[in-house]
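Structure first, then comments.
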Amino acid sequence: MAQLLRVQNFSVSQDGVGAGENQSFERPFGDGVEPWDLMSWAGATASWPNRTDPGGSRGLDDYFTRDFTHNIGAEIMGRNKFGHQRGPWTDHEWQGWWGDEPPFHSPVFVLTHHLRPSFTLSDTTFHFIDATPAEAAEQAKAAAGGKDVRIGGGVSTVREFLDADLIDTMHVAVAPITIGSGLRLWESSDDLADRFHIEKIPSPSGVTHHLFWRK
């Protein structure tokens, strides 16, 4: 079975914005974007991995939350998803937003022009590579043990892989909010209709799940 490059559980606003400008340590998603406004649909589910209290919703949102790790053997992310630093690394003690137990459970390839040594937290190893999307995909597939590779974001990284025509399937959750400015995944999901079949499935939570697969 062929390995796929997948975008999974990527959240944007109704106007296609997935992150704001001026990302910082205090504002990981940048100005004007609250992560919970985009991701509350997943956080409300029974399968949300950070849930500390019983309960949570079932149904469609819960299915996609559970599917996040299904058959994923590696992830590719941009440097802005990994952390807030820019330019040459000045603090190797910084090891990402996720603490000692990152949610990836697989090799992660971080795209950056400024390399640093790989390191491991729990069952996740972060590798820092200066590579084109095609080169990164090749490395990640080799590390994925025959499983799929998730293109984890942020917005610019997903766009780069779309522009390189490397993504096989994509799941984007469109939250019922408008942000207005920031990093935009698309003007309309229909912009991708020349390359992908598209289905749009509304959820009781208010989000609409957009599913894409290659024609």
Side-chain angles (χ1 to χ4, degrees), residues 1-12 18-19 28 42 47 49 63-89 91-173 183 185 192 195-197 210-215:
M1 192 170 180
Q3 287 177 284
L4 301 177
L5 262 64
R6 294 162 45 192
V7 174
Q8 191 74 35
N9 295 14
F10 196 79
S11 295
V12 301
S47 299
Y63 170 82
F64 283 116
T65 302
R66 285 185 282 115
D67 198 45
F68 180 70
T69 58
H70 176 68
N71 200 44
I72 294 293
E75 169 153 336
I76 299 170
M77 68 173 63
R79 180 169 174 175
N80 290 10
K81 180 177 177 179
F82 176 80
H84 63 287
Q85 298 183 57
R86 299 292 180 270
W89 298 96
D91 180 10
H92 282 205
E93 294 300 313
W94 170 256
Q95 295 185 320
W97 304 109
W98 305 282
D100 295 332
E101 295 284 341
F104 308 107
H105 312 296
S106 69
V108 174
F109 294 84
V110 181
L111 299 174
T112 175
H113 296 304
H114 300 277
L115 304 183
R116 62 180 280 185
S118 300
F119 64 85
T120 300
L121 293 172
S122 185
D123 57 355
T124 298
T125 298
F126 292 91
H127 304 282
F128 300 84
I129 61 172
D130 186 359
T132 66
E135 292 166 346
E138 185 176 353
Q139 290 188 49
K141 283 184 174 181
K147 295 182 177 181
D148 295 340
V149 173
R150 183 171 52 232
I151 308 302
V155 175
S156 298
T157 297
V158 175
R159 287 285 347 164
E160 287 176 5
F161 278 81
L162 280 172
D163 291 346
D165 199 25
L166 293 171
I167 291 174
D168 297 298
T169 69
M170 190 160 61
H171 163 236
V172 179
L183 301 180
L185 182 62
L192 302 176
R195 283 183 284 159
F196 294 93
H197 301 282
H210 288 53
L211 304 178
F212 304 77
W213 65 101
R214 278 186 177 276
K215 289 184 173 179

Just by distance, no angles: are the side chains of D67 and Q8 close enough, under 3.5 Å, to form a donor-acceptor pair? yes
Quick one: does NZ or CZ of R150 land under 6.0 Å from the six-membered ring centre of F68, within 45 degrees of the ring axis? yes
Check: L185 and R159 side chains under 4.5 Å, non-hydrogen atoms: yes
Closest non-hydrogen atom pair between W97 and N80, with its separation: NE1-O, 4.2 Å
Minimum-distance pair of heavy atoms, taken over all atoms of A140 and F109: CA-CE1, 3.6 Å
Got S156 and L183 here, is their nearest side-chain heavy-atom distance under 4.5 Å? yes
Nearest heavy-atom pair of A136 and I129: which atoms, and what distance? CB-CD1, 3.8 Å
Pick from L192, L4, V7: which one makes a side-chain contact (heavy atoms from CB on, under 4.5 Å) with I167? V7
Closest non-hydrogen contact found for S106 with T124 is O-CG2, 3.4 Å
Residues R214 and D165 bridged, charged N to O under 4.0 Å: yes
Show, in sequence, the C-alpha distance, side-chain angles and deciding distance for W213 and D168, and conclude whether the side chain to side chain contact (heavy atoms under 4.5 Å, CB included) test is met. CA-CA 6 Å; W213 65 101; D168 297 298; over 6 Å; no
Can T120 and T125 be counted as having a side-chain donor-acceptor contact under 3.5 angstrom? yes
Is R116 reaching over with its side chain to a backbone N or O of H127, donor-acceptor style, under 3.5 angstrom? no
Do I72 and V149 have side chains that get closer than 4.5 Å, going by heavy atoms? no
Within the structure provided, determine whether I151 and M170 are in side-chain contact (heavy-atom separation under 4.5 Å). no
Would you indicate whether H92, at its atom NE2, is surrounded by more than 12 heavy atoms from other residues, nucleotides or ligands within a distance under 6.0 Å? yes
For ring-ring contact (aromatic ring centres under 6.0 Å, His included), just list the numbers for F128 and F82, CA-CA rounded to whole Å, side-chain angles, deciding distance to a tenth of an Å, and then say yes or no. CA-CA 10 Å; F128 300 84; F82 176 80; 5.2 Å; yes
Do L111 and R79 have side chains that approach each other closer than 4.5 Å (heavy atoms only, starting at C-beta)? no
Decide side chain to side chain contact (heavy atoms under 4.5 Å, CB included) for K215 and F196; before the verdict, give the C-alpha distance in whole Å, the side-chain angles of both, and the deciding distance to 0.1 Å. CA-CA 5 Å; K215 289 184 173 179; F196 294 93; 5.6 Å; no
Hey, is the main chain of L115 close enough, under 3.5 Å, to the side chain of T112 for a donor-acceptor pair? no
I'd like to know if K81 pairs up with E75 as an ion pair, taking the criterion as any Lys NZ or Arg NE/NH1/NH2 lying under 4.0 Å from an Asp or Glu carboxylate oxygen. yes
Taking all heavy atoms of A144 and all of D148, pick out the closest pair and write down the distance. CB-O, 4.1 Å
State, with a plain yes or no, whether a side-chain heavy atom of F126 is found less than 4.5 Å away from one of S118. no
Donor-acceptor pair, side chain of N71 and main chain of K147, under 3.5 angstrom: no
Short side-chain to backbone donor-acceptor contact, W89 and H114, under 3.5 Å: yes
Answer yes or no: is there a side-chain heavy-atom contact under 4.5 Å between T169 and F212? no
What heavy-atom pair brings H171 and L211 nearest, and what distance separates the two atoms? CD2-CD2, 3.7 Å
Does atom CZ of F119 have more than 12 heavy-atom neighbours from other groups under 6.0 Å away? yes
Please step through side chain to side chain contact (heavy atoms under 4.5 Å, CB included) for the pair F104 and D123, ending with a clear verdict. CA-CA 8 Å; F104 308 107; D123 57 355; over 6 Å; no
